[in-house]
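Naming convention: chains lettered A, B, ... in sequence-line order (proteins, then strands); numbering from 1 in each chain. Being a predicted model, the structure only gives us computed values, none of them experimental.
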Amino acid sequence: MKKAFSLALGQKWTTAALLFLAGLLIVGLLASWLHPFDPYEPDYAAKLQPPSLSHPFGTDYLGRDLFSRVLAGIPYSVFPALIVLGLVMIISLVLGTISGFYGGRLDMLLMSAADLFTAIPNLLLTIVIIGFLGFGMENVYAAILLSWWAKYVRIIRGLVHDVKKEPYMLASRVSGSFGFHAIRRHIVPNMMPQVLTLIILDVSRVILALSGLSFLGLGAQPPSPEWGVMLLDGKNYLQIAPWMGFFPGLMIFVTAVAFQICGERLRSRLQLN
Amino acid sequence: MSKSFKRSAIAVSTILLLLLAACSSQTEPGTAASTNKPEATAAKRITVAVTQDSKGEKIDASTYNGARAVHSAIYDPLVEFGEGGKIEPGLATAWEVSEDGKTYTFHLREDVEFSDGSEFNAEAVKFSLARTVANEENASLEIARKLDKVETSDAHTVVLQFKEMATQVLLELSQARPFRMMSPNAVNPAGAVDGEFVKPIGTGPWQLDSFKEGAETVLTANEHYWKEKPSPYKLVFKVITDPQARVLALQNGEIDIAGGEVGNIPYESLPIFENNTKYTVEQHASTMSYFMVINQKNTFLADKNVRQAINLGTDTSKMMNGQGAEVSGLFQSTVAFVTPDNQPSYGFKPDKAKQLLEASGFQWNAGSKQYEKDGKPIQLRLVIQTEEYPEWKEMAEIFQSEMKNIGIKVDIANLERAAYYDALWTNKEYDLLLYRTYTDAQLPYRFLTSLFYHTDKTPGVAYQDEALTKQLDDIAKTTSTAEQQAIFDRIFGRMHEEAMTVPIYYTKQTFIHSKKIGNFAFGDIEDNPVKWHQLTIEE
């Protein structure tokens, strides 16, 4: 199945996905100059208009241009996923390497904590943490960070153990390099490809989690053009103005798939499991 | 199959589902309806959507448990609140009020039986009133505060003696709760004022048949109903908390009626039903308005200029596509004591709003496009809920954007129903809170006292003002309508001058029912919105 999946998504798809993501990144960075209408300003005269030339994605219940809102939503929907995962990576690299390399009591403590966090399903844990912290995007980021780190610490610890067994590590040890130097020169560079692949494979999950939480009303709040919020807005108009939910939904879908394709490709190139 | 593939598959199917749903709107709504209707059993069911659990086993007439519509379906009042606020006979055929407003004599209707077959008489009235007065939740009601004793000179005459002049008695008696008549057999031991509630027994058109917590309350006709012919059907109040789910339930035939206060249908979904031959949209005047409660603990809102600026910056004509009547003051013109000119309006004047802010020492920050004082921008937390009032989200967003135009930042917090009421009644964690006025006989006096009145011991719920509290005291001291009118004129003027609220919208009652339901008629009060027992099912 996995093979079929990888084959079906050959070079062409990867190129397309990469191009799409690059475009998304650029448009996202330039969003505030690119959108044709103010994404926040209601225009009551233009309520609920279907897609047209002037409003390619139609307008919403306050007459706001959905195309502009979808563009303005990129920095709120995609970038946070990357930043949160970047933070997860840094934190778990530090903790995982320390834990795996030095072992001992700290390792035991960290692993018990990680066990505790991995025992509860990610999304559930995220929602519980938001329950404590309160609504809002910052809290959602914190909650995702808190519920995602454990998995990576475990994986990185395992990778560190693997690398430690490599002959070159023995050589490095014999030659007197140990501790921080070895971590920096040998361990981290050797497991980086695996870690990065896993992270990229997780981007789509985090994007879905972020927009999902906003859809539930826990994350971004109106008038934010975050895609999950727009999907929630669209939910009530599904029968009257389906475009309101369709385009943000499509964007979430395509973006998640694009990251997945790139991640899968990377994984198959690296022969990882 | 790898995990991530599974996840992509889930993502794909979600989107497909969305697409499917989008496409299905092209087809005639309700075509798939007839297939999944419950089979007709002995008595046919008329199903109505309700937003909250109706607490079937606790519908004690003296409490606030469950939905008001269920209370008024089971229990009858001594006097009815008729058209235009006229008090009309109910279980009492006639009544006299003494000159000093301290003695109320009620002559009860004879030959009325409770749903268990027992007789309705003066003892039952005495029991019901005593039980309600004994309930601490009702301590703020006038009858509870002032009732001295209840005398029963014969089986069908009840005399209420008050410690001091009571002016709201008839109005309080006419409402859905908590002063409706319940049989002494409803508690154990029977007739004990503090007895444990066993089951609802009233004289109304319905009685409790069965109840499933959080799911539905089934009522069946009260065979002993005195006023009109009992219904041949069962009336089901089905709990559906999500507004959009109520729309879908109506479309697929799961429910027959939805709307009003009981099960509000989002107004944006009305077009689905309006141009559809399978449904009828019924509309009726209302006395309710939506408004914002102001928390004066917030330092910005303690400033009268800021409160007035918010009012001036709010364009109420934009709410709900401008479907409501023009907003002028807190109360609709259907409310008692409201005259064409005793409720001034601020109107929509954003420039004047900005001038007021500047007069209060706020400075325009061109960078953030907000007004600020000592480096602190005006930022307000607006609390809403959408389970009962789905249209509040859109109103809040319109308001948010209008406030942005006058340099005030508003953050919307859409809370769950329970958390929302906590914010309003208990923890006060809001700066502005979208709320609604009460209805009918509770307006304006009962509503104003329950929100704006304060004593040394109990702080008020909404904006607190010494002058207003004193004026409300004055109302309680007069039975003369003319004098009350003069005081209400001053009250409305004071509330306007101090900008104690932000009026947003005047509602209408809207119900939607499938065409198979016939003989739909609105009730006399909004808490008893429909004459359920007159409904028919047409084949």
Can any side-chain N or O of B:Gln400 pair as donor or acceptor with the backbone N or O of A:Pro222 at less than 3.5 Å?
yes
Rounded to the nearest 0.5 Å, what separation is found between the CD1 atom of A:Ile240 and the CD1 atom of B:Ile272?
4.0 Å
Reported OG-to-OH distance for the pair B:Ser401 and A:Tyr44, which is rounded to 0.5 angstrom:
4.0 Å
Correct closest heavy-atom pair for A:Asp233 and B:Glu397 would be OD1-OE2, 4.4 Å
What I'd like to find out is whether the side chain of A:Tyr61 reaches to under 4.5 Å of the side chain of B:Lys393, using heavy atoms alone.
yes
Heavy-atom closest pair, residues B:Asn414 and A:Phe135
O-CE1, 4.0 Å
Does any backbone or side-chain atom of B:Leu270 lie under 4.5 Å from a heavy atom of chain A? Answer side chain, backbone, both or neither.
neither
For B:Asp411, is it the side chain, the backbone, both or neither that has a heavy atom under 4.5 Å from a heavy atom of chain A?
neither
Using a strict threshold of under 4.0 Å (side-chain N to carboxylate O), is an ion pair present between A:Lys47 and B:Glu268?
no
Rounded to the nearest 0.5 Å, what separation is found between the CD atom of A:Gln239 and the CD atom of B:Gln251?
3.5 Å
Would the number of heavy atoms belonging to other residues, nucleotides or ligands and lying under 6.0 Å from OH of A:Tyr76 be above 12?
no
Does NZ in B:Lys515 sit with more than 12 non-hydrogen atoms of other residues, nucleotides or ligands closer than 6.0 Å?
yes
Between A:Lys235 and B:Gln244, what is the shortest heavy-atom contact and its length?
O-CG, 4.0 Å
Do the side chains of A:Asn236 and B:Glu394 get nearer than 4.5 Å, heavy atoms only?
no
Measuring heavy-atom distances to chain A, does B:Ser269 have an atom under 4.5 Å in its side chain, in its backbone, in both, or in neither?
both
Would you say CD of B:Gln283 has more than 12 non-hydrogen atoms from neighbouring residues, nucleotides or ligands within 6.0 angstrom?
yes
